[in-house]
Amino acid sequence: MFKVISVTGHARRGEFTCAHGGTVHTPVFMNVGTQAAIKGGVSAHDLKAIGCQIELSNTYHLHLRPGDEVVRTMGGLHKFMDWDGPILTDSGGFQVFSLAALRKIKEEGVSFSSHLDGHHIFMGPEESMQIQSNLGSDVAMAFDECVENPTTHDYAKQSCERTYRWLERCKQEHDRLNALPDTVNPGQLLFGINQGATFPDLRIWHMQEIAKIDCDGYAIGGLAVGEETQVMYDIIDAVEPYMPADKPRYLMGVGTPSNIIEGVARGVDFFDCVMPARNARHGKLFTWHGTLNIKNERYQTDPLPLDPDCDCPVCRSFSRAYLRHLFKADEVLALRLSVLHNLYFYNQLMERIRETLDAGTFETFRARYSGKLEERIAD
RNA sequence: GGGGGAAUUCCCGAGUGGCCAAAGGGGACAGACUGUAAAUCUGCUGUCUACGACUUCGGUGGUUCGAAUCCACCUUCCCCCA
């Protein structure tokens, strides 16, 4: 269920509820735990402490390991990872893009060579739905093709027409599985995904078509894959008027803090991105004053917390000098603390966005921070 | 006391006459990262008035058109025998 509480320009405040957890307040950032774990040694238990409302896991990866049947046997993803909040599963569509060298696309679906051992895997709309049903996530994503950038209009057209046909099959299979007596999560929702590369005409056509299929939410996929940032914003602007206003909107895989602020301003409700976790593991940390690379020599004897304006568990306790030391000494704690901080920052960013939307000061917030939060911290 | 071996750029370690400012690791320094094949990948690591020049391979002195590489002595370290 989704309810729009208020609209400021195009930006929306909303409430989302699903089979698990309480109310998800949107706009929201989904914390990414691809393999039922946040990389860097962060467990589902830690998610609460860093303000995570909803977690995201991956169909392809969990199908390969441990296997969705295993997860089903263990009672579903929520029990398996001991997270009782909402879980959205990505469909494997992104792996059609990221594992391009290892797959072949046909109308029926996609053949992959497992990146783990090379064995043959077939995944089409039905398989993706079955796996996500076994995982028991709260939101299943439609199986789509995330097209690489750049591409031709011809290919993008052919691809998003196929993705449309795949959504019809996803919807049918999803409804069938949800109705089975022993399904893991009968309340599982389905989100459709808009494609069309960087071509507004295809994007709009595709959005209009998938809106006719009754999904519980709609995502914009295939962006932030190498195109200029402004192109991404332009596509969102073009598609947004055609997205059902009463359904949640999810901008997949995005993005930087500024991308998120700009996405919210354009009417997006859900985001997810590996960036905060991956950058954290690589020592690049977000603060309200800009980014910093904690491994840099300048922090060797810096007694300040990562961000003096952050009240996350890491900033409350540890100095930059200590964090830097942990990185230089290859301690896994460096990864854990950094990931906790960056995810807290992202979750806090969303909270500030929601607060300023409620207070009517979002545009001030946007003007102050959009385009700024990725810049290197000033001395 | 006798015999043998070794000293290379921050570290380890290749290199035994020109293709050597010197392989390869490591470390240091810096950068990238957008629905995670990423605790990964990339660059850089003698000096400079920098597509060229200069100074380096324990020290000094030789041989040679040319030496990190050959010779002599010196210094330091390691191993074996007493």
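In the text below, chain A, chain B and the rest are named by the order of the sequence lines, each starting its count at 1.
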If you look at every strand shown and take non-hydrogen atoms under 4.0 Å, does [X] touch a base, only sugar-phosphate, or nothing?
| X | value |
| --- | --- |
| A:D272 | sugar-phosphate |
| A:V332 | base |
| A:I193 | base |
| A:L102 | base |
| A:E374 | nothing |
| A:Q35 | nothing |
| A:G40 | nothing |

Check: Within a reach of under 6.0 Å around NE2 of A:H153, are more than 12 heavy atoms found that belong to other residues, nucleotides or ligands?
Finding: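 Correct, the count exceeds 12.
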Check: Is atom CD of A:Q158 surrounded by more than 12 heavy atoms (other residues, nucleotides or ligands) closer than 6.0 Å?
Finding: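 Atom CD in A:Q158 is packed in, count exceeds 12.
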Next item on the list: Report yes if the side chains of A:W205 and A:E161 come closer than 4.5 Å at any heavy-atom pair, otherwise no.
Entry: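 Side-chain contact under 4.5 Å: yes.
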Margin query: Can you pull out the residues from residues 312-320 of chain A that lie within a 4.0 Å heavy-atom distance of RNA chain B?
Written below: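 Correct list: empty, so none.
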Next item on the list: Please measure how far the P atom in B:G66 lies from the corresponding atom in B:U56, and state the result in whole Å.
Entry: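 These two P atoms come out 16 Å apart once rounded.
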Notebook entry, point to check: On a whole-Å scale, what distance lies between the C1' atoms belonging to B:A14 and B:C20?
Noted result: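 Here B:A14 and B:C20 have their C1' atoms 12 Å from each other.
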Checklist line | For B:C41, the Watson-Crick or wobble counterpart (both distances under 3.5 Å) | finding: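 Per the H-bond distance test, B:G31.
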Check: When you measure from the centre of the six-membered ring of A:W288, is the NZ or CZ of A:R352 under 6.0 Å away and within 45° of the axis?
Finding: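 Yes, cation above the ring, under 6.0 Å and within 45°.
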Would you tabulate the nitrogen or oxygen pairs shorter than 3.5 Å linking the protein to nucleotides 31-33 of chain B?
| unit_1 | atom_1 | unit_2 | atom_2 | d |
| --- | --- | --- | --- | --- |
| B:G31 | OP1 | A:R376 | NH1 | 2.8 |
| B:G31 | OP2 | A:N293 | ND2 | 3.4 |
| B:G31 | OP2 | A:N296 | ND2 | 3.2 |
| B:C33 | O2 | A:H282 | ND1 | 2.8 |
| B:C33 | N3 | A:N279 | OD1 | 3.4 |
| B:C33 | N3 | A:H282 | ND1 | 3.1 |

